[in-house]
Amino acid sequence: MEILISNWSNVEFVPKTYIFPPESRPGKLEFPVCTDIPLIDLAHNNPDETIQQVIRACHEFGFFQVINHGVSENLMDDTMNIYKEFFKLPGEYKAKFYSNDINKSCKIYSSSLAYDTDEVHYWRDTFTHRCHPLEEHIPSWPDKPTNYREVVSEYSIETRKLFNKILDMICKGLGLEKGYFEGELSKTHLISVNHHIPCPNPSLTLGMPVHSDPNLITMLQQGEVPGLQILKDGQWIGVKHIPHTLIVIPGLQLKVISNDRFMTPVHRVVTHPKEARTTIGVFLGPSPEFLIKPATALIHTESVFRAFAYPEFLEAFVGPAKFDAQLALNHFRSKP
Ligand SMILES: O=C(O)CCC(=O)C(=O)O
Ligand SMILES: [Fe+2]
């Protein structure tokens, strides 16, 4: 069978290898929608109040949404259109980028990087590449659609500015020294775009594993098709899409640096029966050599986690913990 689902046509039933066992499939089609994800106006006239809102959201909820964030609506729409077009390109063009190699920057894969050993496949194709420094990575990016490099370069620059703005607010809000997150902690900047074709039976499939984000911080641009869900009080709840907002998700490295103060919500993606869904994720993470540990200013009695390098964390997260944040974090707790 063709591996990339974006190359499939006339899908009438869910192939067996995509059907999750009853205990891990969504099991139904309708879910409640979350109405209380914090919505933060970054152009609010009282910046100190905005910082407090961001910190409260990180402590109490994990996810938050931002408006007046500085990434223009036109740029958001152009970038989304580029990716919708990209996934429609002929299979032979996309095949040039197909890879399951974790070390290859620019690649398309399907389901997960472990496609060959997946017990069940996820209903998605993912296209990802690094974005920083731009000059180093642009030559490896696609040259189709024709304006890909131009538009995605601008999107990379603008989302990086926004990350810096939000990290600066978190830095101030936590009382850390200026520039705490600059440099090695936020060196890896990548874009990762999920594409799900319509699924004949979304109750049987998943578009993405149940997970928390392992990196430093994530930004998501959702399209109009729903699918993202968060686990809240033991229940799966849909995230409502508000046009041109961006969803911000503090990752597990921020939780470690905050000395376990921040929430990192568990989330997943379900599929849609009628519409294709495309979501743009932008991920900021540490350089592989840098040692991650709780910020000294936030250790009042004890450091909850020991120091580790990010690749060591990823190995535990993807391997024994199977994307379970608590299991992965347990490997690095000072007191087991
Ligand atoms: O596609 C989505 O809405 C969520 C993506 C996500 O959670 C991720 O890429 O980590
Ligand atoms: Fe995620």
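Computed from a predicted model, the values in this text were never measured in an experiment. Just follow the structure's listing: the first ligand is 1, and inside any ligand the first atom is 1.
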For ligand 1, which atoms have a heavy atom of [X] less than 4.0 angstrom away?
X      : value
Gln222 : 2 (C), 3 (O)
Asn194 : 1 (O), 5 (C), 9 (O)
Leu228 : 3 (O), 4 (C)

field: NE2 (His211) - the Fe ion (ligand 2) - NE2 (His267) angle, nearest 10°
entry: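 Approximately 90° at the metal, rounded to tens of degrees.
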message: Using the ring centroid of each side chain, check whether Phe313 and Phe332 are separated by less than 6.0 Å.
response: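 Centroid distance Phe313-Phe332: below 6.0 Å, so yes.
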query: Is the centre of the His211 ring less than 6.0 Å from the centre of the His267 ring?
result: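 Yes, they do, as the ring centres are separated by less than 6.0 Å.
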field: Residue Asp213 atom name (nearest to the Fe ion (ligand 2); N/O/S)
entry: OD1
field: ligand 1 versus Phe283: contacting region, heavy-atom distance under 4.0 Å
entry: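 It is the side chain that gets close, since no backbone atom is under 4.0 Å.
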task: Return the option from Asp213, Val270, Val269, Ile249 holding the heavy atom at the smallest distance from atom 4 (C) of ligand 1.
output: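 Minimum heavy-atom distance to atom 4 (C) of ligand 1 goes to Val269.
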message: If you take the nearest heavy atom of each of Arg268, Arg124, His195, Met208, which one is closest to atom 6 (C) of ligand 1?
response: Met208
message: Is there a polar contact between ligand 1 and His267, counting only N or O atoms under 3.5 Å apart?
response: yes
- prompt: Taking the non-hydrogen atoms of Arg277, is any one of them nearer than 4.0 angstrom to ligand 1?
  reply: yes
- request: Could you walk me through whether Ile40 and Thr50 pass side chain to side chain contact (heavy atoms under 4.5 Å, CB included), step by step?
  value: CA-CA 7 Å; Ile40 301 179; Thr50 316; 3.6 Å; yes
Is a salt bridge present between [X] and [Y], judged by a nitrogen-to-oxygen distance below 4.0 Å?
X      : Y      : answer
Lys144 : Glu85  : no
Arg333 : Asp260 : yes
Lys187 : Glu289 : no

query: At what distance is the nearest protein heavy atom to atom 10 (O) of ligand 1, and which residue and atom is it?
result: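 Sorting protein heavy atoms by distance from atom 10 (O) of ligand 1 puts His211 NE2, 3.0 Å first.
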NZ or CZ of Lys28 within 45° of Phe31 ring axis and under 6.0 Å: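 Yes.
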message: Regarding Asp77 and His244, do their side chains bring together a donor and an acceptor under 3.5 Å, going by distance alone?
response: yes
